[in-house]
Student: 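What follows is a structure written as structure tokens; I'll ask about it next.
Note that this is a predicted model, so its numbers are computed, not measured.
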Amino acid sequence: MIETADFVFPEALSAVAGIAFDYDEGNGIDYEPYSAFPGAEDTTDWIRAWTGNQELDGDAFRPFGMDGTGGQVAFWRVRAGRPLVEQPVVFLGSEGDIRVLSQDLTGFLWLLADGIGPVDVMGYEDREPRPSAELSAIAARHAGTSSRRPATEILEAAAAEFPDFEEEILAWCR
């Protein structure tokens, strides 16, 4: 059964949706935030198209943004009984990129604040942080400044907690 609270768009994501992200020919953040979660049918259509597996439904995910090519950023509802904002944030790219971005919404907010978008994490080791005052203010307001960590720590912690994410997703593919 789907919990109604899992369809309530978090206030922090609404604040992020109010930001104009500038790709700046690869020097900015390639991210297009949603202002609400897509419906269950749209989410199911997306995961079926991405995996080629018509047996899946989209209940494990709550997409809330994408990159310019259509890769999706979503909560992965893997922690039973935990609120949506405490679920890991993942990226399933249009070119087959698969990555856990952060352990929760807090980590994702701090990635954005450092100028790291969803597709940027694939080469984040080579990127210099490009902090955004506006996104830092949103992260501080919704996540608290004591939770701030460098992008490398956020990404490494997420990968360590969910080392089999890519393997699991690829197992769904047909």
Student: Would Met66 and Val73 satisfy side chain to side chain contact (heavy atoms under 4.5 Å, CB included), going step by step from the backbone distance to the final call?
Tutor: CA-CA 5 Å; Met66 65 181 191; Val73 180; 5.9 Å; no

Student: Which residues satisfy the side-chain contact (heavy atoms from CB on, under 4.5 Å) test with Thr51, sequence neighbours excluded?
Tutor: Ile47, Asn53, Leu56, Trp172, Cys173

Student: Rounded to the nearest 0.5 Å, what's the gap from CD1 on Ile29 to CG on Leu135? Could you check?
Tutor: 5.5 Å

Student: Which residue in the set Trp46, Phe91, Phe37, Trp50 passes ring pair (Phe, Tyr, Trp, His ring centres under 6.0 Å) when paired with Phe61?
Tutor: Trp46

Student: Roughly how far, to the nearest 0.5 Å, is the CG atom of Asp30 from the CG atom of Asp67?
Tutor: 4.5 Å

Student: Could you give the distance from OH (Tyr31) to CD1 (Ile19), rounded to the nearest 0.5 Å?
Tutor: 11.5 Å

Student: Can you check whether Tyr34 and Phe64 have ring centres sitting under 6.0 Å from each other?
Tutor: no

Student: Any link between Ile98 and Val121 through a network of hydrophobic side chains (Ile, Leu, Val, Met, Phe, Trp, Tyr) touching at under 4.5 Å?
Tutor: no

Student: Are Glu168 and Trp76 close enough, and set up right, to give a side chain to side chain contact (heavy atoms under 4.5 Å, CB included), and what steps lead you there?
Tutor: CA-CA 12 Å; Glu168 183 171 339; Trp76 179 34; 3.7 Å; yes

Student: Can you tell me how far CG of Asp57 sits from CD of Glu41, rounded to the nearest 0.5 angstrom?
Tutor: 12.0 Å

Student: Report yes if the side chains of Arg99 and Leu155 come closer than 4.5 Å at any heavy-atom pair, otherwise no.
Tutor: yes

Student: If hydrophobic clusters are built from ILVMFWY residues whose side chains come within less than 4.5 Å, do Leu101 and Ile169 share one?
Tutor: no

Student: Just verifying a value: how many Å separate Asp104 CG and Glu86 CD, rounded to the nearest 0.5 Å?
Tutor: 7.5 Å

Student: In this structure, would Leu170 and Leu92 fall into the same cluster of hydrophobic residues linked by side-chain contacts under 4.5 Å?
Tutor: yes

Student: Let me have the donor-acceptor pairs involving side chains of residues 106-117, under 3.5 Å, with sequence neighbours excluded, atom names and distances please.
Tutor:
unit_1 : atom_1 : unit_2 : atom_2 : d
Trp110 : NE1    : Ser147 : OG     : 3.0
Asp114 : OD1    : Arg148 : NH2    : 2.8

Student: Do Pro63 and Gln72 have side-chain heavy atoms sitting under 4.5 Å apart?
Tutor: yes

Student: Hey, could you give me the CZ/CZ distance between Arg174 and Arg48, rounded to the nearest 0.5 Å?
Tutor: 12.0 Å

Student: Could you go step by step and tell me if Arg79 and Gln103 meet the side chain to side chain contact (heavy atoms under 4.5 Å, CB included) rule?
Tutor: CA-CA 11 Å; Arg79 294 179 172 142; Gln103 294 171 298; 4.0 Å; yes

